[in-house]
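Since the structure comes first, as structure tokens, the remarks are kept for the end.
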Amino acid sequence: MGRRYWLMKSEPGCFSLDDLRTSPQGISAWDGVRNYQARNLLRDDIQVGDGVLFYHSNISRPAIVGLARVVRSGYPDHTALDPRSRHFDPRATPDSPIWYMVDVAYVTALPHPLTREDLGRHPVLGTMDVLRRGNRLSVQPVTPEQWRTVLTVAGLMDPLEHFAGAG
DNA sequence: GCCAACGTTGGC
DNA sequence: GCCAACGTTGGC
């Protein structure tokens, strides 16, 4: 299986793209996910090298604000074992950790954030899961086409590159 | 701050 | 196994 792409949501007041950028070596665990569907993605599907769209939620202008990549695949989320953590889950044990996380590395901020309005009026991006009303999944799959389109619309990829070698 | 949508819990 | 109650998420 080749590289896959994901969108990860975070409230910037809790953990922002800038928090990731300024983490040691630009790397942080994506911890605290307490939803089984998202857990399954973290544990089973997300692989090293996968691309991540970093999305800021629960603010006045929610938006895709940057890119990250996965640098460690799923491993037990130890914050579930820590009674002092606000992500503590008394059901979790070292043998049965229940919750999983991955490590992600900062890649870049988008020159301009892509707001929901931006996404919604684009023919390709308008179908993204994140726009679906009531969708609360904090880790979501993104298609390769959506990934490429985000990069192009954000100005991170020269559209003329498609024609390289064509003449 | 409001509230709709969603996931989880727990009584039955 | 059903489903009402509850807590949380997250756009607006």
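Naming convention: chains lettered A, B, ... in sequence-line order (proteins, then strands); numbering from 1 in each chain.
The closest side-chain donor-acceptor pair between A:Tyr55 and A:Arg116 falls under 3.5 angstrom.
The ring pair (Phe, Tyr, Trp, His ring centres under 6.0 Å) test with A:Trp30 is passed by exactly one of A:Phe54, A:Tyr100, A:Trp6: A:Phe54.
Note on ring orientation: taking the six-membered ring where Trp is involved, the planes of A:Trp99 and A:Tyr36 are tilted (angle from 30° to 60°).
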Using nucleotides 8-12 of chain C, report all nitrogen or oxygen pairs with the protein that are shorter than 3.5 Å.
from: C:dT8; atom 1: O2; to: A:Arg136; atom 2: NH1; distance (Å): 3.1
from: C:dT8; atom 1: O2; to: A:Arg136; atom 2: NH2; distance (Å): 3.1
from: C:dG10; atom 1: OP1; to: A:Lys9; atom 2: NZ; distance (Å): 2.7
from: C:dG10; atom 1: OP1; to: A:Arg136; atom 2: O; distance (Å): 3.1
from: C:dG11; atom 1: OP1; to: A:Tyr55; atom 2: OH; distance (Å): 2.8
from: C:dG11; atom 1: OP2; to: A:Asn58; atom 2: N; distance (Å): 2.8

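With DNA chain B read from its 5' end, the first of the two nearest nucleotides for A:Tyr36 and A:Arg133 is the one closest to A:Arg133.
Looking at every heavy atom in both residues, A:Pro76 comes nearest to A:Met101 through O-CE, 3.7 Å.
With respect to the salt-bridge test (charged N to carboxylate O, under 4.0 angstrom), the residues A:Arg34 and A:Asp77 qualify.
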